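This report concerns only the one structure given below.
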Amino acid sequence: QKSDSEIRDISHKVFENLGRTLYDYAVLPAINKNNFRDYIEYEGVSHVKDAIDKKKGIIYISAHLCCWELLSAHPFLLGATSVLAKDLHNKYVNEHVKKLRRDKGVRVLPTRDSVKDVIKILRSGGSVSALIDQNTHRHEAVFVDFFGKKAATQYFMALLALKLDVALIPVFVSRCGAVGETKYKLTYLRPCDIIRSGDRKRDILDNTQMFTKIVEDEVRKRPADWFWVHNRWKQSG
């Protein structure tokens with residue numbers, strides 16, 4: 001849907017974004033509960049507070065857009081959260097990233113073997129976050145449309161949303177300053193209206209497609225901010 005020149009321009013800007021993201025990682029340790037408002041703006045917080053007031057558990061879904069690790073600053077404004085995350089291949093980088101998250105008050109849960117913990121957190125009114133925009137092993141995935149191609153997508157968030165009375169809220173990070181400025185925005189969208197037809201298999205597929213479309217729409221707004229170097233369509237449906 002883009003011309004060759006547009007694609008080349010986006011490609012160049014993708015690597016510019018990766019460079020800026022490295023800088024963002026260097027800034028992240030300096031952000032704490034006393035100064036976070038100097039770095040981060042928040043939009044759509046009322047959606048989260050409504051769910052908290054109703055004592056609902058919250059599932060946050062997001063994507064590898066901009067400096068996604070800034071999502072770790074969420075607890076400074078809206079309370080503790082847990083995140084489902086795979087270990088990185090490099091053990092030193094993996095421990096560094098985990099420490100960044102823990103220092104911000106984020107509990108890191110492995111993507112596997114955490115089902116009971118996640119359900120307990122949500123039923124107690126807590127929150128769990130997950131990035132849903134990467135290729136997933138076939139036995140953990142359903143295949144849904146992403147930019148016109150079928151992509152293996154984890155369905156755990158859809159399963160939880162169908163099983164529990166929770167609010168499922170998309171949240172994304174963006175930069176709101178010029179190059180070199182350390183100013184970011186966390187934008188919380190309105191909670192998703194979970195599809196409940198009674199056909200469990202179909203509902204898992206349809207809800208996962210809905211969540212994926214939300215990510216696609218966000219990537220379309222600022223394609224250079226997305227992590228295109230990941231092979232999102234590694235498996236075919």
Side-chain angles (χ1 to χ4, degrees), residues 47-48 51-52 54-64 68-69 71-72 74-75 78-89 91 94-95 97-144 146 150-172 188-189 191-215 230 232 234-235 237:
H47 299 312
V48 180
I52 293 172
K54 294 174 183 175
K55 302 188 184 306
K56 280 192 171 189
I58 303 172
I59 297 172
Y60 297 107
I61 57 171
S62 193
H64 292 80
W68 57 88
E69 283 299 333
L71 293 168
S72 298
H74 161 96
L78 294 164
T81 190
S82 299
V83 61
L84 285 166
K86 295 179 181 178
D87 282 341
L88 302 174
H89 295 302
K91 66 179 182 179
N94 185 61
E95 185 52 40
V97 171
K98 279 187 172 181
K99 185 176 185 302
L100 283 176
R101 294 169 178 169
R102 290 194 300 264
D103 288 349
K104 301 290 182 281
V106 176
R107 179 185 178 190
V108 182
L109 300 173
T111 52
R112 297 181 183 180
D113 305 319
S114 293
V115 176
K116 290 182 179 179
D117 286 337
V118 170
I119 291 174
K120 183 178 179 180
I121 290 167
L122 293 173
R123 281 181 169 162
S124 67
S127 66
V128 175
S129 307
L131 304 179
I132 62 167
D133 62 331
Q134 291 205 327
N135 178 67
T136 304
H137 293 297
R138 185 176 292 271
H139 67 280
E140 299 172 340
V142 290
F143 285 85
V144 296
F146 187 59
K150 293 298 181 183
T153 307
Q154 62 101 330
Y155 60 82
F156 187 40
M157 297 301 106
L159 187 63
L160 287 171
L162 288 164
K163 182 179 179 63
L164 306 172
D165 181 24
V166 297
L168 194 143
I169 300 176
V171 54
F172 299 102
Y188 298 86
L189 306 184
C192 296
D193 294 323
I194 303 303
I195 300 165
R196 301 178 187 273
S197 72
D199 182 335
R200 180 176 177 273
K201 188 174 181 180
R202 186 74 209 176
D203 288 348
I204 288 172
L205 183 67
D206 288 347
N207 282 291
T208 303
Q209 179 65 78
M210 174 173 59
F211 305 158
T212 302
K213 182 62 167 61
I214 291 170
V215 171
H230 169 71
R232 181 65 182 92
K234 184 176 182 179
Q235 301 181 78

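All values derive from a computational prediction rather than experimental measurement.
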Check your understanding: Hey, is CZ on Arg200 packed in by over 12 heavy atoms from elsewhere, all under 6.0 Å?
Key -> no
Check your understanding: Are more than 12 heavy atoms from other residues, nucleotides or ligands located less than 6.0 Å from atom CZ of Arg102?
Key -> yes
Exercise for review: Grab the two heavy atoms, one from Leu205 and one from Phe143, that are nearest each other, plus how far apart they are.
Suggested key: CD1-O, 3.7 Å
**Study point:** His47: ring pair (Phe, Tyr, Trp, His ring centres under 6.0 Å) partners, not counting sequence neighbours
**Key:** none
Check your understanding: Side-chain contact, heavy-atom cut-off 4.5 Å: Lys98 with Leu88?
Key -> no
Point to revise | Step-by-step side chain to side chain contact (heavy atoms under 4.5 Å, CB included) determination, Ser62 to Leu71 | key: CA-CA 9 Å; Ser62 193; Leu71 293 168; 3.5 Å; yes
Point to revise | Heavy-atom closest contact (Thr212 atom, Thr208 atom, distance) | key: OG1-O, 2.8 Å
Exercise for review: Give a yes or no on this: more than 12 heavy atoms of other residues, nucleotides or ligands lie within 6.0 Å of atom NZ of Lys99.
Suggested key: no
**Study point:** Side-chain touch Glu140/Thr111, heavy atoms, less than 4.5 angstrom
**Key:** no
**Study point:** Short side-chain donor-acceptor distance under 3.5 Å, Arg101 and Thr81
**Key:** no
**Study point:** Cys192 and its side-chain contact (heavy atoms from CB on, under 4.5 Å) partner, picked from Ile169, Leu168, Asn207
**Key:** Leu168
Check your understanding: Between OG of Ser72 and NE2 of His74, what distance do you get to the nearest 0.5 Å?
Key -> 10.5 Å
Exercise for review: For the pair His64 and Trp68, name the ring-plane relationship: parallel under 30°, tilted 30 to 60°, perpendicular over 60°.
Suggested key: perpendicular
Check your understanding: Is there side-chain contact between Leu84 and Met157, with heavy atoms separated by less than 4.5 Å?
Key -> yes
Check your understanding: Does Ile59 reach the side chain of Phe156, with side-chain heavy atoms less than 4.5 Å apart?
Key -> no
Check your understanding: With a 4.0 Å cut-off, would you call Arg196 and Asp203 a salt bridge?
Key -> no
Exercise for review: Report the C-alpha separation of Asp133 and Arg232 in whole Å, then their side-chain angles, then the decisive distance to 0.1 Å, and conclude whether the salt bridge (Lys or Arg N to Asp or Glu O under 4.0 Å) test is met.
Suggested key: CA-CA 8 Å; Asp133 62 331; Arg232 181 65 182 92; over 6 Å; no
Check your understanding: Out of curiosity, Ile132 CD1 to Phe146 CZ, how far, rounded to the nearest 0.5 Å?
Key -> 9.0 Å
Practice item. Go through Ile121 and Leu109 one step at a time and tell me if the side chain to side chain contact (heavy atoms under 4.5 Å, CB included) criterion holds. Key: CA-CA 11 Å; Ile121 290 167; Leu109 300 173; 4.0 Å; yes
**Study point:** Derivation and outcome, side chain to side chain contact (heavy atoms under 4.5 Å, CB included), residues Thr136 and Tyr155
**Key:** CA-CA 9 Å; Thr136 304; Tyr155 60 82; over 6 Å; no
Practice item. State, yes or no, whether a side-chain contact exists between Val106 and Pro75 at a heavy-atom distance under 4.5 Å. Key: yes
**Study point:** Closest contact, heavy atoms only, Asp193 versus Met210
**Key:** O-CE, 3.5 Å
Check your understanding: Can you name the nearest heavy-atom pair linking Ala80 to Ser127, along with the distance?
Key -> O-OG, 3.5 Å
**Study point:** Thr153 and Phe211: CA distance, side-chain angles, deciding distance, side chain to side chain contact (heavy atoms under 4.5 Å, CB included) verdict
**Key:** CA-CA 10 Å; Thr153 307; Phe211 305 158; over 6 Å; no
Review point. Does Lys213 have any side-chain hydrogen bond (donor to acceptor under 3.5 Å, both in side chains) partners at least two apart in sequence or in another chain, and if so, which?
Key: Asp217
Check your understanding: How many angstroms lie between atom CD of Gln154 and atom CG of Leu159, to the nearest 0.5 angstrom?
Key -> 10.0 Å
Review point. Side chains of Leu122 and Leu160: closer than 4.5 Å at any heavy-atom pair?
Key: yes
